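First comes the structure, then the notes that go with it.
Just so it is clear, the model here is predicted, and its values are computed rather than measured. Note that the numbering runs from 1 along the sequence shown for the chain. Every heavy atom of this structure was used, including side-chain atoms; hydrogens, water molecules and symmetry mates were not.
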Amino acid sequence: MQVKLLTNILKANKDLADTNRTIFHKAGIKVINLISSPGAGKTTLLENTIENLSSCLSLGVIEGDLQTTKDGERIAQLGVPVVQINTQGGCHLDANMVNQALTELPLEDIQLLFIENVGNLVCPASFALGEDAKVVITSVPEGSDKPAKYPIIFEKAQICLLNKIDLLPYTNFNRREFYEDLQKINPSLTVFEVSVLTGEGMGAWYSWVKKI
Ligand code: MG
Ligand code: ZN
């Protein structure tokens with residue numbers, strides 16, 4: 001019974017994600033869905049990306065959080081159109097929430113829309129939003145076992161950002177384990193090792209974003 005229910009929910013979500021995709025396509029907007037556990041650095045990544053790219057691309061942001069408008073306020077300070085979704089305890093964004101948020105954004109002025117999902121490596125992987133690409137962010141202090149333990153998001157993502165690479169000397173992060181597991185899960189996944197704090201490795205990320 002429960003399996004059937006979940007299938008129905010995901011089917012309804014997929015239909016709405018297709019509706020969103022049509023809206024994005026008509027408006028000429030590319031969409032990136034940012035997924036990570038809490039504290040991996042999504043919002044700081046967004047702040048730096050906006051600072052670096054907003055002169056050549058018009059950007060928009062949808063912020064997903066359980067509670068608060070803290071992240072939305074950080075993004076709004078940079079002068080980028082942003083809508084904050086509060087899921088009231090829900091652990092992922094779904095296509096319907098994004099669909100409603102779109103009515104609050106100046107779509108005609110946006111070329112690239114970032115959706116910062118709720119911090120969670122599990123179910124955001126299963127709920128399409130209408131995005132062109134999923135980007136998974138994981139960070140060195142979280143450990144090198146994350147791909148093996150949460151394979152679905154690493155399987156579905158086009159890009160993996162390994163953040164906080166500057167902390168490598170202070171942890172037992174095992175690069176070999178990390179890359180061997182990724183190779184088994186998704187051999188075509190591109191990994192950028194970055195530090196959103198120091199800026200290390202961010203050039204490759206910016207280049208990818210510009211080409212999407
Ligand atoms: Mg955040
Ligand atoms: Zn969830």
Side-chain angles (χ1 to χ4, degrees), residues 17 20-65 69-85 93 97-99 101-119 124 128-140 153-154 156-167 188-212:
N20 291 346
R21 191 168 281 116
T22 303
I23 293 169
F24 293 138
H25 192 77
K26 277 190 185 149
I29 300 173
K30 294 285 185 181
V31 182
I32 295 174
N33 183 1
L34 293 172
I35 297 171
S36 81
S37 51
K42 291 186 298 303
T43 312
T44 308
L45 172 82
L46 266 180
E47 287 174 321
N48 293 356
T49 303
I50 289 165
E51 276 168 10
N52 267 273
L53 298 183
S54 58
S55 59
C56 60
L57 272 174
S58 44
L59 303 171
V61 175
I62 293 176
E63 277 290 338
D65 275 301
T69 54
K70 286 176 188 292
D71 286 359
E73 286 161 24
R74 283 169 63 182
I75 299 300
Q77 279 185 353
L78 301 172
V80 167
V82 56
V83 178
Q84 176 85 54
I85 298 173
L93 293 180
M97 296 174 195
V98 169
N99 187 267
L102 292 184
T103 61
E104 307 292 326
L105 283 171
L107 296 182
E108 63 285 354
D109 298 334
I110 295 172
Q111 291 172 296
L112 177 61
L113 177 68
F114 285 101
I115 302 175
E116 181 181 337
N117 219 306
V118 176
L129 305 177
E131 70 272 33
D132 293 284
K134 288 181 174 68
V135 170
V136 59
I137 302 142
T138 188
S139 64
V140 164
I153 184 54
F154 291 92
K156 292 193 172 178
Q158 284 185 28
I159 297 289
C160 172
L161 292 175
L162 176 58
N163 188 25
K164 308 188 190 180
I165 202 71
D166 50 318
L167 299 182
S188 61
L189 183 67
T190 301
V191 182
F192 298 135
E193 296 188 358
V194 301
S195 167
V196 298
L197 200 65
T198 68
E200 184 181 347
M202 291 288 280
W205 161 248
Y206 297 141
S207 301
W208 181 81
V209 171
K210 280 193 239 177
K211 278 187 235 140
I212 191 181

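Shown here for Val136 and Ala157, the closest heavy-atom pair between the two residues is CG1-CB, 3.7 Å. For Asn48 against Met202, the heavy-atom pair with the smallest separation is CB-CE, 4.1 Å. Taking all atoms of both residues into account, the shortest heavy-atom contact from Ala101 to Ile85 is CB-CD1, 4.0 Å. The two residues Thr138 and Cys160 make their nearest non-hydrogen contact at CG2-SG, 4.2 Å. Contact detail for Leu59 and Thr49: the closest heavy-atom pair is CD1-O, 4.5 Å. The nearest pair of heavy atoms linking Val61 to Ile50 is CG2-CD1, 4.1 Å.
Between Leu129 and the choices Leu113, Asn99, Asn33, the side-chain contact (heavy atoms from CB on, under 4.5 Å) rule is met once, by Asn33.
Proximity of Pro81 to Leu105: side-chain heavy atoms (C-beta onward) are separated by under 4.5 Å at one or more points.
With Glu193 contributing its side chain and Ile165 its backbone, the two residues share no donor-acceptor pair below 3.5 Å. Looking at Ser195, its side chain never comes within 3.5 Å of a backbone N or O of Glu200 through a donor-acceptor pair. Within the 3.5 Å criterion, the main-chain N or O of Ile35 finds no donor-acceptor partner in the side chain of Asn117. With hydrogens and angles disregarded, no donor-acceptor distance shorter than 3.5 Å links the side chain of Glu47 to the backbone of Leu78.
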Show the numbers, then the answer: is there a side chain to side chain contact (heavy atoms under 4.5 Å, CB included) between Glu116 and Ile62? CA-CA 6 Å; Glu116 181 181 337; Ile62 293 176; over 6 Å; no
Please walk me through it: do Asp132 and Ile32 pass side chain to side chain contact (heavy atoms under 4.5 Å, CB included)? CA-CA 6 Å; Asp132 293 284; Ile32 295 174; over 6 Å; no
Could you walk me through whether Ile75 and Glu73 pass the side chain to side chain contact (heavy atoms under 4.5 Å, CB included) check? CA-CA 5 Å; Ile75 299 300; Glu73 286 161 24; over 6 Å; no
Would Val209 and Phe114 count as a side chain to side chain contact (heavy atoms under 4.5 Å, CB included) if you check the C-alpha gap in whole Å, the side-chain angles of each, and the deciding distance to 0.1 Å? CA-CA 10 Å; Val209 171; Phe114 285 101; 4.1 Å; yes
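Remark: Lys42 NZ to Asn163 CG distance equals 10.5 Å, nearest 0.5 Å. With rounding to the nearest 0.5 angstrom, the CD atom of Glu131 is 12.5 Å from the NZ atom of Lys30. The distance from atom OG of Ser54 to atom CG of Leu112, rounded to the nearest 0.5 Å, is 11.5 Å. With rounding to the nearest 0.5 Å, the separation of CD1 in Ile29 from CG in Leu107 is 4.5 Å. Taken to the nearest 0.5 Å, the CD atom of Glu51 stands 11.5 Å off from the CG atom of Leu46. Rounded to the nearest 0.5 Å, atoms CD1 (Ile159) and NZ (Lys134) are 14.0 Å apart.
Side-chain atoms of Asp71 and Thr43 form a donor-acceptor pair, as typed in the model, at a separation below 3.5 Å.
Using the six-membered ring where Trp is involved, Trp205 and Phe192 have ring planes that are perpendicular, over 60° apart on the 30 and 60° scheme.
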